[in-house]
Amino acid sequence: MATDYKQTLNLPRTDFPMKADLVAREPQRLARWQAGRLYERIQAARAGAPKFVLHDGPPFANGDVHIGTALNKILKDFILKFKALRGFDAPFVPGWDCHGLPIEFKVTQDMQKNGGPARGAADAATVRRACEAYARKYIEVQRAQFQRLGVLGDWARPYLTLDRQYEADELRLFADLVERGFVYRGKKPVYWSIPCRTALAEAEVEYRDHVSPSIYVKFPLVGHPGTSVVIWTTTPWTLPANLAVAYNSTFDYAVVLVGREQFIVSALLLPTVAQKCAWGDYQIVRHLRGEELSQLEYTHPFCARTGRLFAGDAFVDNVTGTGFVHIAPGHGLEDYQLGLEHGLPIYSPVNDDGAFTHTNDLPLEQQMPATLLGKSILETNGESEANAAVLAELRARGALLHHEPYTHSYPHCWRSKTPVIFRAMDQWFIEIDHEVVNSPASAAGATEKDKSGLGQTAQSPSAPFPLFPSASASDGHTTFRQRALAEIDRVEWIPDWGINRIKSAVQTRPDWCISRQRAWGVPIPAFFDAHGEPILDARIVRRAADLIEQHGSNVWFEKSAAELWALLRPADWQGPEAVSKSTDTLDVWIDSGSSSRAVLMRRAELQHARQSQPGQGHGQPGEPSPVASPPWQADMYLEGSDQHRGWFQSSLLLSLAANGAAPFRTVLTHGFMVDADREKISKSQQAQGGYEKPQTADAYVNRWGADIVRLWVSSQDFRNDIVVSEERINKVAETYRVIRNALRYQLSNLYDFDPGRDAVPDEQLTGLDRWILAEFSKLEADVLAAYERYEFHVVYQKLAQFVAVELSAIYHDVIKDRLYTDAPDSPRRRSTQTTLHRLVTGLCQMLAPILAFTADEAWEFVPGRPTDSVHEAHWQPRPFALREDEALCWQHLFELRERALPELEKARQAKLIGKALEARLTLRGGDAATRTAQAHGEALRELLNVSQLTVQLDGEGSPQFLVAHADGQKCARCWHWETDVGAHAGHPTLCGRCVAAVERCAG
RNA sequence: GGGCGUGUAGCUCAGUUGGUCAGAGCAUGCGCUUGAUAAGCGCAGGGUCACUGGUUCAAGUCCAGUCACGCCCA
């Protein structure tokens, strides 16, 4: 009976499921990884191996993991898994950024909603405790979500910027900056809520319509009697702070005669201005180009001082106003920047209550008239005392040309709902152009550190590594900005245009305002003396760091100024005594930017061996060897390209200033998530209900599984934008199935293969097996190179195409016959099994960084696998090259295959044959390929999957194939058409080859 | 408005220094197979390489400009 013969075949069998069911099965594997401490096992196995340190940029501990954040972590995981697979010791210490406004804002909002203290009256310590609880809650949430993505790391010991030790190290780094003279006190305008008596952040202001007084004011020019420029403003109360007027150098200005006075305004805006100011009868005297205004000076309309005109092309527009913008550097951001450029005082004659006051920025006689003092800016019933008083002054002096109500969008305090003002406040700054010297900084801090005896101090940054090693100036005088730019050149930036981004960020950045009037942050341990003068001293900061390391930073907010001063005042203190403490916190970019000190230097597992070579990847041959890299310097930072101006910059500046070197050797950046229309996706759109697409990582993982998400991440060139769309992910899922099926096919044909017993040596492998191993070896080299360049999309493409073409369409298709029909232990079958075993082993390893779950799942089915998990394996590609003649032979055979397949297809269309095994092929030709075919007829027959092939060498000419139906009868076992079917009496339906196979089995 | 990027078949990507470079895989359509079967194989149709001008004997490949999108500034 024919069906019996099926039992004599070696049909594939495996428990490796065809259906992945990732959503259900991945969590089980994850649980096993965790129970078996996989990360720790990998680390232990790599102890002593060369280090590869990728330092995690801390995501904000707020909300679910966004798909964009998932992309970032997955990319990091690709690299770390790859490095570990290649034998590196590649630890991963994940981190979280915990402080900052979004959390404080949310927490205070919730407190208010829940009937808590209104208007932010809650004390800082209470708010801070709530903030910490909030951050810790989301750290837990995000930790689970990151782990679910298959990201391995030291999740039990992440770094948190709210950890006491972190905060302490951050302050120690800050103390170094203070000691080296980087930190100074200056002024900068901030949003200020008068009723709440507090500074507001951008996120805390809401824009609402508001009616302001719109006024046009004369500013008489010095040396041009009877001539004034005209400015327009909607905040009359800022006029006492006016120190300059801005024009646009690209505009055309008109000088117009009105009665006996001359006014200068933008020519384009003249008609509007003339109408507003009721210049019924005016004439244009002449035109001025913008640059002709640059030397002009004016007299303040009601203060005894003069000001100058400056170009402000960036913000002086030709749409509203007069073409002249009144500048009060203490009351506006653009004003502030222009003021800085021209060395104007950041003058802000408004006190905490929002009332006019004199300050010591200007001589008293130059400040506002006494009639204005004490007037409040805050509106009551739509009227502002300050505005009214200013208008009165202007009217009294005939300076007011026009006044009308004006409705526009204006920032309001989110809590009190009142209009906010922009007001300059004292702030701490880091001076970017600080002059630095080439010699190492004094060790003054170290002695104090030793004395304190509190806590442990992070590794000293100085010891064997000179500060600012990259300095080239011999005169010993360079600015810190120049040092930073030089250091940037020593870092490898991928993609290479990244260096432009970071350089322009460093080149153009202003001094770094590092103080915030917020509660949820690391306190700036400064005091004030009886005169309100600040006390900021490196020794005090270090003692505060020790205190905070012991008690947490809430100690700063809970203890009184006197208590703190008593604890922190150095014994030999000569300076003024403190009477109050600072309540400012550090900019959160100082938090995350300090991780070089608080994490890279702190954690033993992140240290490179001392004899560490200069960073791999940079340093050209022939170039003088640069200073050895410090052992704590990370091999890589990997974040979105927005971080050039963010974390990359803050980390670089802080580490260079305090540790003497950049914290990274290589910086890799990725693009951003965009949707199918290549428009950005954002959480806010989602929140507004306009977006139904889920944008949390979990939403994708729960629908497709982590491996599909990971494969999708790998499939696109992350240096550009990454398209997230259902269509795209479904395509990737399709590729996943193809890969999974190929693995399954390979595993299913190894059920009776024991590599120790059955493996066939290379030189005894069949030609086809040697061919695929050579192809695989090329793939391996390509994939390895792509991984090393971090081009995962190339890995994806190469792997997917290899699986689809070389494996599925060719090799796997062809070897079915030998695997199924040869005797189980025939040399030919064992040769092919040896090859499959090698392929599946290599594929699992190659796939492991990307398909973290699936590669590990398949690995468990590989006979004689060398390690328990694929992630513990050491991937060492085995080159396999064909001899030259062998390679040429296969090249010929595949050329012929290309010609034969269309002929077979034609025959199929003509209903001459169905499957290829029903065909008899005749090849006729005279070229080299045909000669090869004659010599290797059986190999070609097998490659074409036909039952019969005849080769006829015939003069010249390119090869031609003729298709006919195969001769003989179909063998019931192997389905070949053979002329010897029926020749054996015992097996009348079998061909000779099958008779042999069957009898061998039976015997 | 400025800086930095990106723009090749429906999708994701290859296309070194300008001259068979218009390719691959997937998807689609049409067949075949039913011993990888919620699988497998074959064949076919798809692109004026964003657009417009230049340089050149010759340009996805160099230059300029335009448009669209992204990031960062303003």
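Chain identifiers are assigned alphabetically (A, B, ...) following the order of the sequence lines, protein sequences preceding nucleic acid strands; residue numbering begins at 1 within each chain.
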Do you know which two heavy atoms are closest between A:Asp313 and A:Tyr247, and how far apart they sit?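 Reported closest heavy-atom pair: OD1-O, 3.7 Å.
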How many angstroms lie between atom CZ of A:Arg897 and atom CD1 of A:Ile810, to the nearest 0.5 angstrom?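 So the gap between those two atoms works out to 4.5 Å.
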Looking only at atom [atom1], what distance separates [N] and [M], rounded to whole Å?
| N | M | atom1 | answer |
| --- | --- | --- | --- |
| B:A14 | B:A9 | P | 13 Å |
| B:G2 | B:G46 | C1' | 41 Å |
| B:G1 | B:C62 | P | 27 Å |
| B:A44 | B:A39 | P | 25 Å |
| B:G60 | B:G53 | P | 14 Å |
| B:C51 | B:A59 | C1' | 16 Å |
| B:C67 | B:G31 | P | 49 Å |
| B:U16 | B:U61 | P | 11 Å |

Tell me whether the NZ or CZ atom of A:Arg13 lies within the 45° cone about the ring axis of A:Tyr751 and under 6.0 Å from its centre.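 Output yes; distance and angle both within limits.
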Is A:Arg740 close enough and on-axis enough to A:Phe16, meaning under 6.0 Å and within 45°, for cation-pi?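 That pair qualifies as a cation-pi contact.
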Pairing of A:Glu905 and A:Arg908 as salt bridge, 4.0 angstrom limit: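 Yes.
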For the residue pair A:His408 and A:Tyr410, does the interplanar ring angle fall in the parallel (under 30°), tilted (30 to 60°) or perpendicular (over 60°) class?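 The rings of A:His408 and A:Tyr410 sit tilted, inter-plane angle from 30° to 60°.
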Base paired to [N] (Watson-Crick or G-U; both N/O distances under 3.5 angstrom):
| N | result |
| --- | --- |
| B:A58 | none |
| B:A9 | none |
| B:G18 | none |
| B:C71 | B:G3 |
| B:G31 | B:C41 |
| B:A64 | B:U52 |

Is [X] touching bases, backbone alone, or none of the nucleic acid, heavy atoms closer than 4.0 Å?
| X | value |
| --- | --- |
| A:Gly914 | sugar-phosphate |
| A:Lys798 | nothing |
| A:Arg973 | base |

What nucleotide, of [options], holds the atom closest to the side chain of [X]?
| X | options | answer |
| --- | --- | --- |
| A:His812 | B:A36, B:G25, B:C72 | B:A36 |
| A:Ser641 | B:A36, B:C71, B:C13 | B:C71 |
| A:Lys731 | B:C72, B:C26, B:G70 | B:C26 |
| A:Glu734 | B:U12, B:A27, B:C72 | B:A27 |
| A:Leu9 | B:A14, B:G35, B:A74 | B:G35 |

On RNA chain B, compare the nucleotides closest to A:Lys19 and A:His793; which residue's is nearer the 5' end?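 In this pair, the answer is A:His793.
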Which pairs pass salt bridge (charged side-chain N to carboxylate O under 4.0 Å, His left out) with one or both residues in residues 640-653 of chain A, sequence neighbours excluded?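 Every candidate salt bridge (charged side-chain N to carboxylate O under 4.0 Å, His left out) pair involving residues 640-653 of chain A fails, so no pair, neighbours aside, qualifies.
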With sequence neighbours excluded, tell me which residues meet salt bridge (charged side-chain N to carboxylate O under 4.0 Å, His left out) with [X].
| X | result |
| --- | --- |
| A:Asp717 | A:Arg719 |
| A:Arg899 | none |
| A:Lys73 | A:Asp56 |

Is a donor-acceptor pair below 3.5 Å formed from side chain A:Gln716 to base B:U12, judging by atom type as modelled?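 A donor-acceptor contact between them is absent.
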Quick check on B:G3: is either OP1 or OP2 less than 4.0 Å from any side-chain nitrogen or oxygen of A:Asn500?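 Negative; the distance criterion is not met.
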Show the distances under 3.5 angstrom between N or O atoms of the protein and N or O atoms of nucleotides 41-45 of chain B.
residue: B:C41; atom: OP1; partner: A:Ser808; partner atom: O; Å: 3.3
residue: B:C41; atom: OP1; partner: A:Ser808; partner atom: OG; Å: 2.6
residue: B:C41; atom: OP1; partner: A:Ala809; partner atom: N; Å: 3.2
residue: B:G42; atom: O2'; partner: A:Glu905; partner atom: OE1; Å: 3.1
residue: B:G42; atom: N2; partner: A:Glu905; partner atom: OE2; Å: 3.2

Min side-chain heavy-atom separation A:Trp589-A:Trp647 under 4.5 Å: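 With C-beta onward as the side chain, the pair touches.
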Would you classify B:G46 as syn or anti? Syn applies when the glycosidic angle is within 90° of 0.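 What B:G46 shows is a syn base, its glycosidic angle lying within 90° of 0.
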Chi-angle category of B:G70 [syn within 90° of 0, anti beyond]: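 That one's anti.
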For every nucleotide of nucleotides 61-66 of chain B, 5' to 3': is a protein heavy atom under 4.0 Å from its base (B), only from its sugar-phosphate (S), or from neither (-)? ------
